[in-house]
Amino acid sequence: MLKIYNTLTRSKEIFTPRVAGKVGMYVCGMTVYDYCHIGHARVMVVFDIAARYLRYSGYDLTYVRNITDIDDKIIKRAQENNEQIVDLTERFIDAMHDDERALAVLPPDIEPRATKSMDDIILMITGLFEKGLAYTGTNGDVFYAVDKFPGYGALSGKKLDELQAGERVEVDQAKKNPFDFVLWKKAKVDEPYWNSPWGRGRPGWHIECSAMATRCLGNHFDIHGGGMDLQFPHHENEIAQSEGATGGKFVNVWMHNGFVRINEEKMSKSLGNFFTVREVLKQYRPEVIRFFVLSSHYRSPLNYSDEQLDDAGMALTRLYTALRGVAIITGLSTRYSERFKQAMDDDFNTPVAVAVLFDMARELNKEKNNNSELASQLAGELKELSSVLGILQDDPESFLQAGDTVQEGGLAEQEIELFIEQRIQAKQNKDWALADKIRDDLKQQGIVLEDVATGTSWRRE
RNA sequence: GGCUGCGUAGCAAAGUGGUUAUGCAGUGGCCUGCAAAGCCAUCUACAGCGGUUCGAUUCCGCUCGCAGCCUCCA
């Protein structure tokens, strides 16, 4: 029985889909004006695993993740680059998809874009006007009147009067209440625009998600996710817009993932302490990054460091080593599968799920030389469970021989095989000094030899 | 200032009112020509102070420390 932590109630709840067997999930995606960093990678991987596990559990899932392809930062960046907005956004959408594929993140079922959802956006704002929740400010922008929506603050646990105590925000004089937010922003000269009943302009950030989620999943759906920082004001505002417009419930379960940190500090654009996915991929293989992400629970902070990535690489090496040289027989489902499901059912507890995989690896290592059929069945079960996490699907030999980190140059495979042949000769001649020298020399170059029953295998450190 | 959340062994990271998490590292053993890998055993814990309890790392309170949100941010 799946339990998910719901930010709205601040507790783990038994997950019950609106329609039996069917799940609609919407995740706030990227604003495409720059490369994805590791924080974005975490969102992609976390919700990819949620999607995989929902499907593994038998749900018919519709997974929607949007692309924000028009906003102030995009406009600004395009101007700086002296580039057309579409050229900029297309470039970074492609880059995002590259990163996604590298990290074995399966694409969402629907990937709506703000610029292609204008009719839905305008329709929703019109509805908000009709309900008396929207008004045009003195500067021509359209705002949402937060104090007209009784439930405002429920998601983030904030109260409007307490918020007002917090000042230091430059209050826009066009607003009636400082916490009113823009639904439709009037276009300035040289800014891109769409026509609307309120003049030429573009949508505010929050309305596009309300409109796209509703268009793709209906007025009311099961799961809405995103990073912790979206809780307020973004998701709070989405609720106000959607529930304000429809008069009904918007989302049942709100999921928020924790931040990636560097030196105990949030990784973010504004702090400038971020690493892009493509930078990190130069140093570490994609599966290592993926394992690093799922080695902590999705709501916990995840500290980024080389040590952590190295650890992830070593852990994967252990799992692949267990699978090495074992034939795969699928179909077995033992108590390990039960434990794995139990872990994942507990709010997607991937660290515990991974611990189950290690327990399987231990038994697999024992049975390898004992009961090869059982070993093969365990290996099959291990691979199957791992596929829910999106790891361990590579060929063990090629994973191990590629090494933990991305190699520059180094010995070619054929050269290594040649040295191994020479060493086998030396061993047959009982020339231990030569055999050890060959092994030590290879070790110097990061090649580890392992004598096993069937011969000598090698891997990169 | 208001509101969240966190503080677990050398490092990372789960979890639990009384019983082995797990990975890496350490120690002892088995295996090996010697190693590596693997297997077995084993040492380092639950920020501090009180309270509840037969018993708390786990529940409650306080203190200290850290992070996040309150402004665009995944």
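Labels below follow one simple rule: chain letters A, B, ... track the order of the sequence lines, proteins then strands, and each chain is numbered from 1.
- As judged by a 4.0 angstrom heavy-atom cut-off over every strand, M44(A) is placed among residues making no nucleic acid contact.
- Across U4(B), G2(B), C69(B), the shortest atom-to-atom separation from the side chain of E162(A) is found for G2(B).
- In this structure, G33(B) makes no Watson-Crick or G-U wobble pair, since no nucleotide meets both defining distances under 3.5 angstrom.
- When Watson-Crick and G-U wobble pairs are counted only if both distances are under 3.5 Å, A12(B) pairs with U22(B).
- With a 6.0 Å radius and a threshold of 12 heavy atoms from other residues, nucleotides or ligands, Q428(A) has its CD atom above the threshold.
- Taking the C1' atom of each, G55(B) and U16(B) are spaced 14 Å apart, rounded to whole Å.
- Nucleotides G10(B) and A47(B) have their P atoms positioned 13 Å apart, rounded to a whole Å.
- Here the straight-line distance linking atom CD of Q241(A) with atom CD of E208(A) works out to 9.5 Å at 0.5 Å rounding.
- A donor and an acceptor atom, one from each side chain of S386(A) and Q393(A), are nowhere located under 3.5 Å apart.
- A distance of about 35 Å separates the C1' atoms of U4(B) and U19(B), rounded to the whole Å.
- Here, U71(B) and C66(B) have their C1' atoms 23 Å apart, quoted to the whole Å.
- Separating the P atom of C6(B) from that of A56(B) is a span of 22 Å, rounded to the nearest Å.
- Checking C6(B) for Watson-Crick or G-U wobble geometry (two distances, each under 3.5 Å) identifies G65(B) as its partner.
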**Fill in**
A correct 5'-to-3' footprint of nucleotides 13-18 of chain B, with B, S and - meaning base, sugar-phosphate only and no protein heavy atom under 4.0 Å, is SSS---
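- Partner assigned to G1(B) is C70(B), using Watson-Crick or G-U wobble distances below 3.5 angstrom.
- Remark: K266(A) NZ is packed, more than 12 non-hydrogen atoms of other residues, nucleotides or ligands lying under 6.0 Å away.
- Rounded to a whole Å, the NZ atom of K269(A) is 21 Å from the P atom of U71(B).
- With both ends at atom C1', the span from G1(B) to G18(B) equals 43 Å, rounded to whole Å.
- In this model, no donor atom of one side chain and acceptor atom of the other lie less than 3.5 Å apart for H235(A) and H206(A).
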**Message:** Output one letter per nucleotide in nucleotides 31-41 of chain B: B when a protein non-hydrogen atom lies under 4.0 Å from the base, S when only the sugar-phosphate is that close, - when neither is.
**Reply:** --BBBBSSSS-
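- A donor-acceptor contact under 3.5 Å is not formed by the side chain of K159(A) with the base of C3(B).
- When the shell of 6.0 Å around CG of D306(A) is examined, it contains more than 12 heavy atoms from other residues, nucleotides or ligands.
- As rounded to whole Å, 12 Å separates atom P of A25(B) from atom CG of D310(A).
- Y284(A) and D310(A) share a donor-acceptor pair across their side chains, judged by distance under 3.5 Å alone.
- Pair assignment for G28(B) gives C40(B), based on Watson-Crick or G-U wobble hydrogen-bonding distances that are each under 3.5 Å.
- With C1' as the reference atom, U57(B) and A45(B) are 8 Å apart, rounded to whole Å.
- Here, C43(B) and G48(B) have their C1' atoms 25 Å apart, quoted to the whole Å.
- Atom-to-atom, CZ of R42(A) to C1' of A74(B) comes out at 10 Å; the value is rounded to the nearest Å.
- A donor-acceptor distance shorter than 3.5 angstrom exists from the side chain of R42(A) to the backbone of G258(A), with no hydrogens or angles considered.
- Of the nucleotides present, none pairs with U58(B) by Watson-Crick or G-U wobble criteria with both distances under 3.5 Å.
- Because its NZ or CZ atom is both nearer than 6.0 Å to the ring centre of Y5(A) and within 45° of the ring axis, R299(A) counts as a cation-pi partner of that residue.
- Across all strands, G39(A) comes closer than 4.0 Å to base atoms (heavy-atom distances).
- Nucleotide U22(B) holds its P atom 14 Å from the CZ atom of F291(A), rounded to whole Å.
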